Each structure stands twice: as C-alpha cells, then as structure tokens.
A.B. asks: 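One structure coming up, written as structure tokens, with questions to follow.
The model shown is predicted, which means the values in this text are computed figures rather than measured ones. Numbered from 1 within each chain, the chains take letters A, B, ... in sequence-line order.
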Amino acid sequence: MELNAKYDHREVEDKWYAYWLENKFFHSEPDSREPYTIVIPPPNVTGILHMGHVLNNTLNDVLIRKARMDGRNACWVPGTDHASIATESKVVAKLKGMGISKDDITREEFLKYAWEWKEEHGGIILQQLRKLGCSCDWDRTRFTMEPALSAAVIRTFVHFYRKGWIYKGVRMVNWDPVALTAVSDDEVIHKDTQSHFYHLKYFISDGAGNPTDQYLVIATTRPETIMADAAICVNPADERHHWLRGKKVLIPLINREIPVIEDDYVEMDFGTGCLKVTPAHDVHDYEIGLRHNLPVLEIIDDRGRLNEKAQILVGEDRFVARKKIVGMLEEAGNLLKIEDYTSPVGYSERTDAVIEPKLSAQWFLKMDLLAKTALETVESGRTRFIPERYYNTYRHWMENARDWCISRQLWWGQRIPAWYLPDGQVVVEPDAEAALKAAQKINPALTAADLRQDEDVLDTWFSSWLWPISVFDPEFPGNPDHEPNADLKYYYPTSDLVTAPDIIFFWVARMIMAGEEFMGREPFSNVYFTGIVRDKLGRKMSKTLGNSPDPLDLIAKYGADAVRIGMLLCASAGNDIFYDESQVEQGRNFCAKIWNSFRLVRGWTVDDAAPQGEAAALAVRWFSDKLSQTVATVEDHYSKFRISDALMTVYRLFWDDYCSWYLELVKPAYGTPVDRRTYEATLGFFDSLLRLIHPVMPFITEELWQALADRREGETILFAPTPKAGEYSAQRIADFALAAEAAGNIRALRQEKGISPKEPLDLYVDASFPQEMFPVLEKLAGVHVSVGEAAGAGASFVVGTSKLFVALEGRVDAAEETAKLQADLEYQRKFLAGVRAKLANEKFVAHAPEAVVAVERKKEADALSRIEAIETALKALGA
RNA sequence: GGGCGCAUAGCUCAGUUGGUUCAGAGCAUCUGCCUUACAAGCAGAGGGUCGGCGGUUCGAAUCCGUCUGCGCCCACCA
C-alpha cells in the first residue's frame, strides 16, 4: 500500500486472507510438537453471523493465533450444526412461501428441500467467519449431519440402548404447538406472564347428574381445559372441605360428573384450596391422576386447538377458546370473579410459543451415571471453568439432572434407529438391514416390509455432544472395535473451549459426558465462558428488537481488526458485553495510529556515519526495558484468559510508550537522517510490537510486518514467534516515568504562561534527579538541564523526591509563585504529620510487616526532603 | 421460592491471599493547538466518602453482618 495514503483496511484484508488460505497456513497435521486445539462451537448451519458469534470467534481466534506464534501445533476445527428445530422451521416457512405445506409432502420430499436449503445457505456463516479473520483449519470443516457424523450419532444411540440407558416412555413432555415437537426441559424458558385467575363455581351433583344449589369454587388460569377435568382435589387436612367427601361435582357448561378426591399435593392456602385435576394437560395433575387412577382425557390437539372431545369450542385455538369460554361461563352463572394474576409460563426457546404440557411417547436417556461422572470431571479440576463461579451452577444441575428427552417429532435430523415389529416389539440396530436380522431372530417370517422405523429424529444436542470426538474420528463413538485414529489420539482432549454460558447444560456438560463415556477423559482442559452481547441500554441483542448491527457492515466500514478490538475492549471475562459502536471506532483509530507510526519510521533516511544521539540511545535502552516488562504482563494476562487486559496493555505500550514517548525521542529533525543504530532498534521494536498485537489484529499486522523488512517467500507473521520477556531494569523504567512526569509539568507550565514549546528554558534539578534522564527532559521539554539551585524568579515543582526549578526571569509573579509553593508546603507538612502519626503508633510498628514500616519510613524521609526543597525555593523567591 | 453474582469517575471496567502517594485504566467531557507520521491527531485539565449502615483490625475498596438497588440461573402453587 502507498506509504502516504491513509490506512485502508479493504486493500489489506482480502489480500492476506487469500494468501493465508493459498498457503494452507491454518492447516494442521499431527506432528512432534505439542498440539493446541480448539473445536468451534458450531453455529447453526443456516444461521448468519451476529455479534455473539463475533465475540466468541474473535476470542477463539486470538487464542489460536497466540498458540500458533508460541510454536504450538495450532488446530482450530470449524463446522456447523444442523440445528434440527431451527432449520426445520426455516424450511417449513420457505415451503409455505412456495405454497407447500409440510403436511402434504412426504418425509423424503421434505428432506430433499431441506438439503437444498442447506446447500444454498449452509456455507454462508463460515464464509463470514473468514471476513472476521478466523484462522480455522478449513480442510477439517465438519457438519453434524454429514454421513460419517450421523453414523456416529446412530451408533451412540445403539450403544446407550444396549447399555440399558435409553428407554421409551410415555411422559408428560413440553410440547411446542408451533414447531409440533416435544422439546427438552432446558429448551423451555419460564417467563412471568400477566394472566388472570378465574374463580369458577362447580355445582355439586345430586347424584343423577343434576346440579344442586351447593357449589365449590376453584381458581384456575386455564378455564379452557375444564372439559378435560377428571376430578376436583382438596387437601385431606383441609377441614373447610370435608363436607365434600364422597360428593361429585358437575363440570360447568358440559355438566359431566367428576369426583372430589383428596391429595396432599394441594396447598390449602393457595387459591381456594380446591384444585381442578386435568391429567392430560398439566404435569402435576397427571401425577395426581396416576395416584388416583383417574381417566386421561385429551382435549387439545398437537396444534393447540380444542378437539371434538372437548364437546364445545371444537377447533378453536386454546387462547381463543379461553376468551370465549369465559363469556360462556359468565352467561351460565359459573364465573364468580376474575383476578389479575402473574405466573410463570413456559415458552419454547425456539418458537416462543407457549408450551403445552402433553402426554406422549418419547425416548429418554438416563442421566444419573453420566451426570455423576461429568460432575467428577469438573470437581477434580481436569476441566476448569473460567470464571469459576460457574462451578456452582454446574454442580447444581448435575446433581439434579433429569433424564434427557432425546426424541423430536421432526424430520430434519438423525432418525431414531428403532424399528417396530407388527406385534409392537422394537429392535434397535444401526441400520435397516441389521434391524431385519434382529427382527427375524424373533420371528423368522418377517420381511423388510413388516418393519416400521420410528418416525422421530434425535435432539440436535445428541449429535453436538460428540463434536470434540467426531470431528477427528467419526468412526470412534459407539464402535468398540475401532482403534482411535491418529488425529483423535493427537488432538484429543482439546485445549480450550470458548462459549456462551447459556449452553453450559445443553452442550458443555453433555460433551463432558460423551467425552468421559467414549474417551474415558475430559474433552477440553478449560472452558472460558463469555458474556452475552447487549446493546448500550443493556438489552440483549435480538432480531426482533433490531438493535443488533450486522457484523459484516461493521467490518466493511471499520475493518475486521477494528471490529475485533471493539469487541474485546469491553469483554472482560464473564461479564456481559455492552456493545457500542464507539468501541469499534476506537479500534479503527488504533489501526490508523499504527499505520501512521509505520509511515513515520519508514519515511526516515539513514545515515550510517551519524553517531547515535544521547536521547536516542537512552530511549532505546528504556524502551527495551519497557517492552520486556510489558511482555511479561501480557503473558500473565493471557495465562488467566484476561484477553481484554492483554489487549489494553499492548494498546498502551504501543500508543503511549512507543508512539508518544519513544518515537518522539528518537525522531530526527525534519529533513535530517537518523543514525543506523537507532533506526535498526526502532524497526526491531516495531517488529516485536506487531508480533505482540497480531493475535488481536491479524490483518494490519501482517501487512506492516511484510513491509517492515524483506521477507522470504512464504514467510508470514502467523508463525513469527511471540516476543519473549527478557531482563529489564525496573529502576530505569521508574526513572523514565519521573522524567516523563517532569516533562509534562514543564509543558503545562508553558501552556499556562503562554511560552512557546520551542523557546528554550533553563531547568535546575537537585542531585537526586536521575542524571541519565537529562536528555529526555532536554528533548521532550525543550529545557536545558543543570544540577543546582537557581536564584531569582521562576516556577518550581516536585517530582518524586526531586525539586525542579525553571528559571523564568521576569515572567512570573513572585507573589503568585510563593502562594503556590506555600500551599504545596502545607500539603507536604500535613502528609508528613500523617506518616509520623502512623510511625508513632506502637501497634502499627508491632503488627505491620517490616517492609510496610520501611515504606512509611521512606515516606517520612521523602517528605522531609521535599519540604526542604520547597523551603529553599521559597527563600530564592525572597519570601 | 432456592441458588449464584454484581454495586468503584458521566460510561465500561481493573484493583491478583487487608499494607508502597492506592483510589486506577480506557472512553467520554473541558482547555489550548491544523507543531511536515497521525485532527481517526497532539499537549494539558477536571472528575469518585469505592451503594447505605454497623462490625473485625494498628490499618478495609478489599474480611464479616445487615439494608437497598440490579442481573443471571434453577423452580410446574393450579
């Protein structure tokens, strides 16, 4: 790129990504190095990139790039998840747009459409990750529903079935009437919802099905289900209701007779103490029904409409029916009152439909032993969580895990490998052929046509829990005779997993279970939980709110490097991220700063004969120290997954120390050349800085690193080693900080007095001021420094323990200056008094560690010398 | 209802087993500068009783108790 131009990320990003791809720099094969492995949290195959992906994958990419530069064999496996419910609902919606209903086509036809959709949209998100700079090993791209991985899922099902851990049972499940499938407990979100408490009169039957004038009152939120009532239940200890024993009551509107029963489940002080029992449409009522042998009458169909068993309002949606039946009840005189009521209602995570409890036959996987093992993995520390507070959450869930409902009434996914015989018996085998053989052992006369495969598919998480294994060797899970291949042996367990905390149970916990089950050990060493990306106002980013920017627009506008920085700047571990575009602007500004500093350095001409100036020589020594010190800090941050701290540390090193101090010190006057030694050192520092920043800003660093020197064919910053922390002089760093502070004071003085930055001034310092730093002051503050005291008018200030005096003959008001010094003197005396009081405290001296007391003594000495210095200055002013 | 966590500058957050002048950073704000790398910039400045109260200690932003205000997870009182 032209040196004089402004930085233009568009010219840079595509060029280098193409170069990296072309040379297969991201590809990894097992070798003798230590592996560093990450498997991507697979995004939904039909998804598009959102800010959560940006955060997550930026963090992943920073870690993988850092490891690569640290000399490890870095492998980041990308891929996508078939996401059965999400994808199926998109395909259904698309077909609807084409005038096709899912009900009218066969499973095979539907799947054809679904695969077409996948082929069309499935690669999009992976392409988008490339724009972000993700250095995935694209040759290893996987899809949870590709044939080999699907086969692994099927074998896994068979494995657990044979182990006796998978069973089919009729259970009350969470039914999603929009997606028309059962969903797991974890996919139900309970939200407090405004509704009403309807108090209904149920009249006592006279025994012949006619109402008497006696009645009881029940309170319900779901009046539309009364037609499915099987009983009225009261607490046996509730004396208020003893008169109801043995009575029967009539369901309003339809006058069906139901008994009054007693069960401890009923809370006496909630509602009216009478509960209507509706076994088909409430989990608890179902349990009560089992205990009391009540009939189960289902009146709501799969789509949430009343069916003919309801007798009235047949075909109406449950919410419409609720409204209508309230009117009917009122008319019939059964409605006593309506109260406002807020109660938790379950919503489907995917469709946001209100979940309908529904009885159905589903497949379950027993969790007890799996959860126990997976808890042990984390408790023993073999898998660490960052931040640590997720241990508690995890433990609680593992100790209370309920069996996992793994069947889904969908078509998009791995079909359950269970075949039913005509007599209802079931065989579970990896494929139809094996199923037939198994069936023929039961009944030799059976043919393939007699077998019927289960219609359901498996929960998506039942395939993604194998991810860290199956991406390397899909033959392995559920295949006891198979030796793990070289990849699996080398890359498993993976190193770090970066993911959002909301899938800790869906995915993280279950990967640990599958890892322990099949590999006998944990799937990853560390799990880093990111926060959730929110907007400035703290709202979760969502499509419906429209508060989520399109990451690709941001990348186009500001550049991928800037977007990555913007994301990381506010991403301290475990906290939610409050995204604001100004952070991305800050990232872009940093790119510009780096670019401009490069322009400065490359624009210099070099004079081999010129000697190195004192200021430059000092600057080189100092920056070398500062660099070493900072590298150590950055390494420490990385080791604790404090990525944003690592970034901020480097940011300040580059901007404040390198640009504002170092380059200003070594910068030759306009038009003059720089000496060779300083030039080489400056380029060397630049190289180190680029390598230090590369994991967070891959593109601009590659561009500049390539331009910084003649690089060999195929050389890249991707594999350039991370700068190592060397020895450094903490003293020099401290001394420089003093000089920098002094220079700042002098600049402020100039501004205050209206003295041009170029006008030379005389500065007098006392002997305690580090002499090595004189050139810094001379260059940066435009002063001539000498040791000693000056007589006459001037301005004085204290830096560290040194007294500095700037001669300003004729330009200071002696009275004003005296007043300032006196104020300073007073402050120092107060401070001294404080320190002395502390030292006079016997308990302090007795209890505090020696080092702490020594510090106090030093403070005392320093304060004394400062006071002395100020008094001297006051004397000079004639006070 | 149970559990976990948070509260520090206008905003977002550091503050690593209580102790260096420890009250910090970045952004934002204000002032002065278009100074031949950079106005997407430079040089400065202001700004906080560390949520309230109480306790432990020679010493508390840091430990304990309590109150207030938030957030998250789990949870089927119809």
Side-chain angles (χ1 to χ4, degrees), chain A residues 3-4 6-7 172 185-186 188 190 197 218-222 233 265-267 269-272 274-278 282-285 287 341 343-346 357 387 389-393 396-397 400 501-502 504-505 532 536 538 558 562 569-572 574-578 580 582-583 585-586 588-604 636 640 642 644-645 648-649 651-652 659-660 663-664 667 670-671 743-745 747-752 754 756-758 800 831 835 838 841-849 851-856 858-859 862-863:
Chain A
L3 206 54
N4 290 329
K6 281 201 168 188
Y7 177 63
M172 193 61 95
D185 290 336
D186 311 303
V188 178
H190 289 95
F197 225 179
I218 61 104
T220 180
T221 54
R222 300 201 61 188
C233 190
Y265 168 76
V266 180
E267 298 282 337
D269 35 357
F270 187 81
T272 61
C274 294
L275 171 70
K276 74 186 200 63
V277 183
T278 319
D282 185 278
V283 189
H284 282 119
D285 292 7
E287 303 280 324
Y341 184 63
S343 64
V345 173
R389 86 179 101 97
Y390 288 104
Y391 286 122
N392 285 327
T393 318
H396 183 261
W397 193 78
N400 298 288
D502 51 352
I504 181 169
F505 307 130
I532 292 165
K536 252 199 291 197
Y558 296 104
L569 275 176
C570 49
S572 54
N575 291 327
D576 283 357
I577 284 67
F578 293 88
D580 183 17
S582 71
Q583 287 147 349
E585 278 178 38
Q586 194 184 341
R588 175 205 52 188
N589 295 355
F590 189 39
C591 289
K593 187 69 183 178
I594 295 174
W595 173 252
N596 284 319
S597 61
F598 179 78
R599 287 177 57 205
L600 172 70
V601 173
R602 282 317 303 254
W604 288 343
D636 184 53
K640 292 170 182 151
R642 302 164 67 136
S644 65
D645 288 335
M648 187 46 70
T649 306
Y651 178 93
R652 292 174 61 194
C659 294
S660 297
L663 288 181
E664 291 303 326
K667 183 160 76 172
Y670 181 68
N745 284 338
R747 285 166 171 171
L749 183 69
R750 286 180 188 275
Q751 195 170 318
E752 184 192 326
S756 151
K758 287 173 186 157
F831 178 73
V835 172
K838 207 167 183 182
N841 184 335
E842 284 168 26
K843 285 182 175 173
F844 169 71
V845 179
H847 289 101
V852 174
V853 179
V855 164
E856 292 300 319
K858 180 155 188 318
K859 276 197 227 169
D862 290 352

A.B. asks: Considering only B/A37, B/A78, B/U12, which nucleotide approaches the side chain of A/Leu275 most closely?
C.D. replies: B/A78
A.B. asks: As a test of reading the structure: which of B/C4, B/U12, B/G19 is closest to the side chain of A/Arg389, going by heavy atoms?
C.D. replies: B/C4
A.B. asks: For the side chain of A/Met648, counting heavy atoms from C-beta on, which of B/U12, B/G26, B/G19 is nearest?
C.D. replies: B/G26
A.B. asks: Measuring only the P atom in each nucleotide, how far is B/G2 from B/C77? A whole number of Å is fine.
C.D. replies: 13 Å
A.B. asks: How far does the P atom of B/U49 sit from the matching atom of B/G10, given to the nearest Å?
C.D. replies: 8 Å
A.B. asks: Could you walk me through whether A/His396 and A/Asn392 pass the side chain to side chain contact (heavy atoms under 4.5 Å, CB included) check?
C.D. replies: CA-CA 6 Å; A/His396 183 261; A/Asn392 285 327; over 6 Å; no
A.B. asks: For A/Val845 and for A/Pro757, find the nucleotide of RNA chain B with the closest heavy atom, then tell me which residue's nucleotide is more 5'.
C.D. replies: A/Pro757
A.B. asks: Is the distance from OP1 or OP2 of B/A37 to the nearest side-chain N or O of A/Lys667 less than 4.0 Å?
C.D. replies: yes
A.B. asks: Quick one: sort the A/Phe505 and A/Trp397 rings into parallel, tilted or perpendicular, breaks at 30° and 60°.
C.D. replies: parallel
A.B. asks: Base, sugar-phosphate, or nothing for A/Glu287, non-hydrogen atoms under 4.0 angstrom?
C.D. replies: nothing
A.B. asks: What's the closest nucleotide to the A/Val266 side chain, out of B/A37, B/C13, B/A78?
C.D. replies: B/A78
A.B. asks: Can you check whether any acceptor in the base of B/A28 is under 3.5 Å from a donor in the side chain of A/Gln586, or vice versa?
C.D. replies: no
A.B. asks: Looking for any heavy atom pair under 4.0 Å, which part of the strands does A/Phe598 touch: base, sugar-phosphate only, or nothing?
C.D. replies: nothing
A.B. asks: Out of B/G26, B/A78, B/C58, which has the shortest distance to the side chain of A/Phe844?
C.D. replies: B/C58
A.B. asks: Could you tell me the Watson-Crick or G-U partner of B/A78, where both distances fall under 3.5 Å? Say none if there is no partner.
C.D. replies: none
A.B. asks: So, for A/Lys6 and A/Trp595, which heavy atoms are closest and what is the spacing to 0.1 Å?
C.D. replies: C-NE1, 3.5 Å
A.B. asks: To the side chain of A/Asn589, which of B/C13, B/A40, B/C42 is closest?
C.D. replies: B/A40
A.B. asks: I want to verify a distance call: between B/U20, B/A37, B/C77, whose nearest atom is closest to the A/Val855 side chain?
C.D. replies: B/U20
A.B. asks: Start with the C-alpha gap between A/Val601 and A/Leu663, add the side-chain angles, then the distance that decides, and say whether side chain to side chain contact (heavy atoms under 4.5 Å, CB included) holds.
C.D. replies: CA-CA 9 Å; A/Val601 173; A/Leu663 288 181; 4.0 Å; yes
A.B. asks: What contact category does A/His396 fall into here, base, sugar-phosphate, or nothing, at under 4.0 angstrom with non-hydrogen atoms?
C.D. replies: sugar-phosphate
A.B. asks: Side chain of A/Leu663, heavy atoms from C-beta onward: which of B/A43, B/A37, B/C27 has the nearest atom to it?
C.D. replies: B/A37
A.B. asks: To the nearest Å, give me how far apart CG (A/Leu600) and C1' (B/U35) are.
C.D. replies: 14 Å
A.B. asks: Select one nucleotide: of B/A40, B/G44, B/C4, the one nearest the side-chain heavy atoms of A/Asn392.
C.D. replies: B/C4
A.B. asks: Given atom CD1 of A/Ile594 and atom C1' of B/A40, what is their separation to the nearest angstrom?
C.D. replies: 13 Å
A.B. asks: Just checking A/Gly671: base, sugar-phosphate only, or nothing, at a heavy-atom cut-off of under 4.0 Å?
C.D. replies: nothing
A.B. asks: Take atom C1' in B/C11 and the same atom in B/G47, then report the distance between them in whole Å.
C.D. replies: 13 Å
A.B. asks: Pairing check on B/U20: which nucleotide meets the Watson-Crick or G-U wobble criteria with it, both distances under 3.5 Å?
C.D. replies: none
A.B. asks: Give one of base, sugar-phosphate or nothing for A/Thr393, where a contact means two heavy atoms less than 4.0 Å apart.
C.D. replies: sugar-phosphate
A.B. asks: Could you state the CZ-C1' distance from A/Phe590 to B/G26, rounded to the nearest angstrom?
C.D. replies: 12 Å
A.B. asks: Would you measure the distance from the P atom in B/A43 across to the matching atom in B/U36 and give it in whole Å?
C.D. replies: 15 Å
A.B. asks: Could you pull out the closest heavy-atom pair between A/Lys276 and A/Thr220, with the gap in Å?
C.D. replies: CE-OG1, 3.5 Å
A.B. asks: Minimum heavy-atom separation for A/Ala562 and A/Arg588, please, with both atom names.
C.D. replies: CB-N, 3.3 Å
A.B. asks: Using atom C1' of each nucleotide, how far apart are B/A7 and B/C53 to the nearest Å?
C.D. replies: 16 Å
A.B. asks: Write down the distance between CH2 (A/Trp397) and C1' (B/G2), rounded to a whole number of angstrom.
C.D. replies: 18 Å
A.B. asks: May I have the distance from A/Tyr651 (atom OH) to B/U12 (atom P), rounded to whole angstrom?
C.D. replies: 19 Å
A.B. asks: Contact class for A/Pro501 (heavy atom, under 4.0 Å): base, sugar-phosphate, or nothing?
C.D. replies: nothing
A.B. asks: Rounding to an integer number of angstrom, what distance separates B/G32 and B/C70 when you compare their C1' atoms?
C.D. replies: 42 Å
A.B. asks: May I ask you to evaluate whether A/Asn400 reaches the phosphate of B/C74, defined as a side-chain N or O under 4.0 Å from OP1 or OP2?
C.D. replies: no
A.B. asks: Rounded to the Å, how far apart are A/Arg642 CZ and B/U16 C1'?
C.D. replies: 7 Å
A.B. asks: Just N and O in the side chain of A/Lys593: are any of them under 4.0 Å from OP1 or OP2 of B/C42?
C.D. replies: yes
A.B. asks: Taking only the P atom of each, what is the distance from B/U8 to B/G3 in whole angstrom?
C.D. replies: 25 Å
A.B. asks: Between atom NZ in A/Lys843 and atom C1' in B/G19, what is the gap in whole Å?
C.D. replies: 18 Å
A.B. asks: With both distances under 3.5 Å as the test, what is the Watson-Crick or G-U wobble partner of B/A7?
C.D. replies: B/U68
A.B. asks: Measuring only the C1' atom in each nucleotide, how far is B/A45 from B/A40? A whole number of Å is fine.
C.D. replies: 23 Å
A.B. asks: Give the intermediate values and the outcome of side chain to side chain contact (heavy atoms under 4.5 Å, CB included) for residues A/Phe844 and A/Val852.
C.D. replies: CA-CA 10 Å; A/Phe844 169 71; A/Val852 174; 4.0 Å; yes
A.B. asks: Using atom CG of A/Asn596 as one end and atom P of B/C34 as the other, report the distance to the nearest whole Å.
C.D. replies: 19 Å
A.B. asks: Determine which nucleotide pairs with B/U49, using a 3.5 Å limit on both distances of a Watson-Crick or G-U wobble pair.
C.D. replies: none
A.B. asks: Within the 4.0 Å heavy-atom criterion, would you say A/Cys659 contacts the bases, only the backbone, or no part of the nucleic acid?
C.D. replies: base
A.B. asks: I want to check one thing: is the phosphate of B/C27, taken as OP1 and OP2, less than 4.0 Å away from some side-chain N or O of A/Arg652?
C.D. replies: no
A.B. asks: What is the nucleic acid contact for A/Arg747, judged by heavy atoms within less than 4.0 Å: base, sugar-phosphate only, or nothing?
C.D. replies: sugar-phosphate
A.B. asks: Where each residue is assigned the nucleotide of RNA chain B containing its nearest heavy atom, which of A/Tyr670 and A/Asn745 is assigned the position nearer the 5′ end?
C.D. replies: A/Tyr670
A.B. asks: Only pairs with both distances under 3.5 Å count, Watson-Crick or wobble alike; so what is the partner of B/A43 in this structure?
C.D. replies: B/U31
A.B. asks: Where is the tightest heavy-atom contact between A/Asp285 and A/Leu275, given as atom of each residue plus distance?
C.D. replies: OD1-CD2, 4.2 Å
A.B. asks: Looking at A/Glu752, I want to see if its CD is surrounded by more than 12 non-hydrogen atoms of other residues, nucleotides or ligands under 6.0 Å.
C.D. replies: yes
